[in-house]
Amino acid sequence: MDSKALNTRCVELFQNPNVRLRMWNARMFWHVGDQMNVAPAALTDPKVDTCELEVMLSAAALTNSECAAELDKKEPGRAAFIQRQIREGMRPLLRPANNA
């Protein structure tokens with residue numbers, strides 16, 4: 001999945017009712033300037049690794065992740081760690097976005 005499609009998936013997952021119950025602000029995951037209530041279309045510049053974000057948001061949305069296998073190839077056990085943290089009511093620290 002390319003980075004734009006992955007970000008689009010993350011934005012869609014962020015709108016899921018199960019994710020919204022967690023009351024996370026988009027500013028935690030995307031660069032949005034001074035805006036507090038950001039329209040989904042403005043969420044284009046991620047602060048965090050979008051693969052990790054997709055795994056986290058999928059777990060919160062109670063749906064299957066499309067990135068977990070890819071993340072585990074890079075770092076075995078990372079996807080399961082993120083998913084476990086979400087199930088236990090925590091929010092794991094995600095790695096910064098690779099904008100290089």
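Note that the coordinates shown come from a computational prediction; the quantities given were computed from them, not determined experimentally.
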Visitor: Roughly how far, to the nearest 0.5 Å, is CG of L13 from OG of S65?
Guide: 8.5 Å
Visitor: Might you confirm whether atom CG of D2 has over 12 heavy atoms from other residues, nucleotides or ligands at distances under 6.0 Å?
Guide: yes
Visitor: Side-chain contact test, heavy atoms from C-beta onward, threshold under 4.5 Å: evaluate it for I82 versus L94 and give yes or no.
Guide: yes
Visitor: Test your reading of the model: is there a side-chain donor-acceptor pair from D72 to the backbone of G77, 3.5 Å cut-off?
Guide: yes
Visitor: Hydrophobic clusters join Ile, Leu, Val, Met, Phe, Trp and Tyr when side-chain heavy atoms are under 4.5 Å apart, directly or via other members; which others share one with L93?
Guide: none
Visitor: For L6 versus C67, what's the shortest heavy-atom pair and its separation?
Guide: CD1-SG, 3.8 Å
Visitor: Taking side-chain contact (heavy atoms from CB on, under 4.5 Å) as the definition, give me every residue that meets it alongside Q35, ordered by chain and number, with sequence neighbours left out.
Guide: V38
Visitor: Using atom types as modelled and distance alone, determine if a side-chain donor or acceptor of Q85 lies under 3.5 Å from a backbone N or O of P92.
Guide: no
Visitor: Strictly distance-based, threshold 3.5 Å: is any side-chain N or O of D49 a donor or acceptor partner for the main-chain N or O of R95?
Guide: no
Visitor: So, for V19 and F14, which heavy atoms are closest and what is the spacing to 0.1 Å?
Guide: CG1-O, 3.8 Å
Visitor: For the atom pair CD (E75) and SG (C51), what is the distance rounded to the nearest 0.5 Å?
Guide: 11.0 Å
Visitor: Going from CG on L53 to CG on N7, what distance comes out if it is rounded to the nearest 0.5 angstrom?
Guide: 8.0 Å
Visitor: Taking the side chain from E54 and the backbone from E66, do they hold a donor-acceptor pair closer than 3.5 Å?
Guide: yes
Visitor: Just checking R22: does its CZ atom have more than 12 heavy atoms from other residues, nucleotides or ligands closer to it than 6.0 angstrom?
Guide: yes
Visitor: Can any side-chain N or O of K47 pair as donor or acceptor with the backbone N or O of R27 at less than 3.5 Å?
Guide: yes
